[in-house]
Q: 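Quick one: the structure is below, and I'll ask about it shortly.
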Amino acid sequence: MSAGVVRETVLSTLREALNDAKAKRELNLTIDPPLILDVPKKESWGDLATTLAMNLSSSERRAPMEIAQIIAKCLLPAHGDVLERADVAPPGFINLTVKRNLWFRVLTEIEAHGSEYGSSSLGNGQRVLLEFVSANPTGPLHMGHGRGAAVGGALANLLRRVGYEVDTEFYINDAGRQVRLMAASVTAVQNQTPVPEDGYRGVYIVDLANRLRKTQNAGLNVGQIGKLACEEMLKNINIDLQAFGLTFDRWFSEQKELFDSGKVEQALKTLKDKGLLEERDGALWFKSSVFGDDKDRVVKKQDDEFTYLASDIAYHRDKLERRDKRGRGYDLLINIWGADHHGYIPRMEAAVQAFGYPKDRLHVVLVQIVNLLRGGQRITMSKRAGEMVTLKEVIEEVGADAAKFIFLTRRADSQLDFDLELARRQSAENPVYYVQYAHARVASLFRVAAERGVPIPSTAEVDWSVLDSPDDLSLIKPLADYPSMLEASAKALEPHRLTYYLQDLAGRLHTYYYKHRILPPVLEGELERHDTLKPLAAEGDQDRKREVLTPALTAARLCLFRGVQTVIRNGLEILGVSAPERM
RNA sequence: GCGCCCGUAGCUCAGUUGGAUAGAGCAUCAGCCUUCUAAGCUGGUGGUCGCAGGUUCGAUUCCUGCCGGGCGCACCA
């Protein structure tokens, strides 16, 4: 049931209808067409739609409308328990209206699977290494890292949910120039000498210098000081990440696991053996242009130092190479990078291919910059002067939930305006609370139900026939769509789709809640008063038939709300956002 | 100059891999608390999907060329 009960059921019905049509020789069906069910743009057209007939028209050499008629004809009679109607609309759509009873099975499904609802086997247990944040240990995490962290965390949860085996990893860039620079900066502060021109500044360096005070005059060399400084910075980074609700499965040290282990040398040797390494102008070049990169890239400089690319080549090889070759054997690599690194992708893909893997074993998700605002005013940041708004400060001001959710309100690849004042505001303008409030509202409803002694039913004892309004279906349909939405979102590596989905679902719940009463009133006559007091401008019919709230209706609506609550909770969990019981 | 990303309502952005009469939030205007939580709901206004071609039954989506914005083009990371 990876795409959800309704879709799976309709799909198999559709499949049978096609077989039927083929058996009766009404269609040739020389090829297996992919069966895709869309949600029609207009609700009145039906519940699900397929463009199958239009896609078949060229291979069948017939008009789409004719094919649609044939399929619709085969679809209906034999499967009256699944479909209510199968309509054909020009230029060849087949609109399907599902039997009402089928929808309610979604609620049974949700009840049965609970926090697992939405899971699927799309990933087939493939092992994924998701590498993200990977901030240089030379400074605190800032907003950009926060966005990467939010996207990465959500992506990890999302991929796990649809059947991938995911390991998350923080790559520690602890070898090379910038670490030496940090050591020099720290030492300079300690000795009250000027910080090097391109060194690091800011309060955190002073702070770091003080914490490392005991190392002063201890006769340590630059490398040792750098190592200690890195460790300190990583400690802080880890604390910030934990405050953000994120833990990594592994922290991978460039120095230790790539250089000290000799894997950089080995990787380069392999490239050399394959003739993909070349000495030119006193430097060593990786012939990445063989695999479509613009030009070749230096891996070892004239001064005998390795470039960043050298260790990155070794790193990606280590992730991909099977265990019997001393690698880790991941099926799929996903890296989350700042968008300003996009020019780096072709050479990384070249590296992957150089070791004999197809380039689609590596996916790079680019995350655009975050513009920090306060009340609509841009907050300017200068990295040079060390004036950065840190992730830590933002979490302290707006909370991890709001920060994460807002980071995920746009696709990763587009720039994001993050308004601190808006993020802190606890109102409708803040989408986090909008969604969380829907969850809390249902929780509250169940609390009140318990207090009043209203029985909490399970789906097995509910008479669904009382849920006979369009409003019921407008709440159930998105629940049925949840699994396929997750799959699509995972396939595209786009967790923001889930954010949009949740906002829509929460909105539907709020609407329903205002339109319909769930629990019986405490006082005699309260319900009548309630109804007369609420003009329904939307419907425009003041003489709308007053609902009679029977115990059966209460039971059914409670189950419906329980289903919505479960899906909101499951979705928020993937985003890494809490689902509060009360607000 | 070359490469990548983007251009959709006043603003910020979605748009289910090419489908039907293009959506949401904010802003704005007009309403709704004697309620199971107003952190909420209802309605209105608002569009040449940057422009011009092309591909086909059909294009916001794919291709080409312009215009406009962002980023990258290191023996930096």
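Naming: A, B, ... by sequence-line order, numbering from 1 per chain.
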Q: Does a sphere of radius 6.0 Å around CZ in A/R447 hold more than 12 heavy atoms from other residues, nucleotides or ligands, not counting ones at 6.0 Å or beyond?
A: yes
Q: When every nucleotide of nucleotides 4-13 of chain B is labelled 5' to 3' by its protein contacts under 4.0 Å (heavy atoms), B for base, S for sugar-phosphate only, - for none, what sequence of letters results?
A: BS------SS
Q: Counting side-chain heavy atoms from CB outward, which of B/C75, B/U35, B/G15 is closest to A/A283?
A: B/C75
Q: Mark this stacking check for A/H510 against B/A38 as yes or no, applying ring centres under 5.5 Å and ring planes under 30°.
A: no
Q: Tell me which nucleotide, if any, is Watson-Crick or G-U wobble paired with B/C71 when both distances must be under 3.5 Å.
A: B/G3
Q: Mind checking if A/M485 touches a base, just sugar-phosphate, or nothing, with heavy atoms under 4.0 Å?
A: nothing
Q: Within a strict 4.5 Å, meaning less than it, do heavy atoms of the A/I70 and A/L27 side chains meet?
A: yes
Q: Would you mind classifying the nucleic acid contact of A/R447 as base, sugar-phosphate or nothing, using non-hydrogen atoms under 4.0 angstrom?
A: base
Q: Over how many whole Å does the gap from A/W45 atom CH2 to B/A22 atom C1' extend?
A: 11 Å
Q: Please set out all donor-acceptor pairs under 3.5 angstrom arising from side-chain atoms of residues 42-54 of chain A, sequence neighbours excluded.
A:
residue	atom	partner	partner atom	Å
A/D47	OD1	A/K477	NZ	2.7
A/D47	OD2	A/V98	N	2.7
A/D47	OD2	A/W103	NE1	3.4
A/T50	OG1	A/I36	O	3.2
A/T50	OG1	A/L52	N	3.1
A/T51	OG1	A/N55	ND2	3.2

Q: Rounding to an integer number of Å, can you tell me how far A/K41 NZ sits from B/A24 P?
A: 13 Å
Q: Ignoring backbone atoms, establish whether A/R557 has a side-chain N or O less than 4.0 Å from OP1 or OP2 of B/C36.
A: no
Q: So which heavy atom on A/N136 is nearest to which on A/N173, and how close?
A: OD1-OD1, 3.0 Å
Q: Among B/C73, B/C36, B/A20, which is the nearest nucleotide to the side chain of A/A89?
A: B/A20
Q: Base, sugar-phosphate, or nothing: which does A/S444 touch, judged by heavy atoms less than 4.0 Å apart?
A: base
Q: Can you check the A/D481 CG to B/U16 P distance for me, whole Å?
A: 14 Å
Q: Of the listed nucleotides (B/A20, B/C75, B/U17), which one gets closest to any side-chain atom of A/A49?
A: B/A20
Q: Would A/F93 pass as stacked on B/A20, i.e. its ring centre under 5.5 Å from the base's six-membered ring centre and planes under 30° apart?
A: yes
Q: Before you tell me yes or no, could you show the steps for A/S484 and A/R7 under side chain to side chain donor-acceptor pair (under 3.5 Å), namely the whole-Å CA-CA distance, both residues' side-chain angles and the distance that decides it to 0.1 Å?
A: CA-CA 9 Å; A/S484 55; A/R7 276 172 188 267; 3.1 Å; yes
Q: What nucleic acid atoms does A/H496 come within less than 4.0 Å of, heavy atoms only: base, sugar-phosphate, or nothing?
A: sugar-phosphate
Q: Expressed as a whole number of angstroms, how long is the span from A/D419:CG to B/G25:C1'?
A: 14 Å
Q: Over how many whole Å does the gap from A/Y344 atom OH to B/C75 atom C1' extend?
A: 13 Å
Q: What contact category does A/V299 fall into here, base, sugar-phosphate, or nothing, at under 4.0 angstrom with non-hydrogen atoms?
A: nothing
Q: Could you tell me the separation between the OH atom of A/Y512 and the C1' atom of B/C41, rounded to a whole number of Å?
A: 15 Å
Q: Is A/Y501 near enough to B/G15 that one of its side-chain N or O atoms lies under 4.0 angstrom from OP1 or OP2?
A: no
Q: Does A/F446 have its ring centroid less than 6.0 Å away from the ring centroid of A/F561?
A: no
Q: Over how many whole Å does the gap from A/R61 atom CZ to B/C57 atom C1' extend?
A: 16 Å
Q: Across all strands shown, which nucleotide pairs with B/U64 by Watson-Crick or G-U wobble geometry, both distances under 3.5 Å?
A: B/A52
Q: Once you apply a heavy-atom cut-off of 4.0 Å, does A/D340 come out as touching a base, just sugar-phosphate, or nothing?
A: sugar-phosphate
Q: Which part of the nucleic acid, if any, lies within reach of A/A449 when heavy atoms closer than 4.0 Å are counted: base, sugar-phosphate only, or nothing?
A: nothing
Q: Output the single nucleotide from B/G19, B/A77, B/U17 whose closest atom is nearest the side chain of A/D38.
A: B/U17
Q: Which part of the nucleic acid, if any, lies within reach of A/N95 when heavy atoms closer than 4.0 Å are counted: base, sugar-phosphate only, or nothing?
A: base
Q: For a quick check of understanding: with a heavy-atom distance under 4.0 Å over all strands, which category does A/P64 fall into, base, sugar-phosphate or nothing?
A: nothing
Q: Which part of the nucleic acid, if any, lies within reach of A/N55 when heavy atoms closer than 4.0 Å are counted: base, sugar-phosphate only, or nothing?
A: base
Q: Taking atom C1' in both B/C29 and B/C66, compute the distance separating them and give it to the nearest angstrom.
A: 41 Å
Q: Taking the minimum atom-to-atom distance to the side chain of A/Q178, which one of B/A77, B/C41, B/C36 wins?
A: B/A77
Q: Does A/F252 have its ring centroid less than 6.0 Å away from the ring centroid of A/F170?
A: no
Q: Answer with yes or no whether A/D504 presents, from its side chain, a donor or acceptor under 3.5 Å of a partner atom in the base of B/A14.
A: no
Q: When you measure from the side chain of A/Y433, which nucleotide among B/C41, B/A39, B/U17 comes out closest?
A: B/A39
Q: Check the distance between B/U42's P and A/Y513's OH and give it to me in whole angstrom.
A: 14 Å
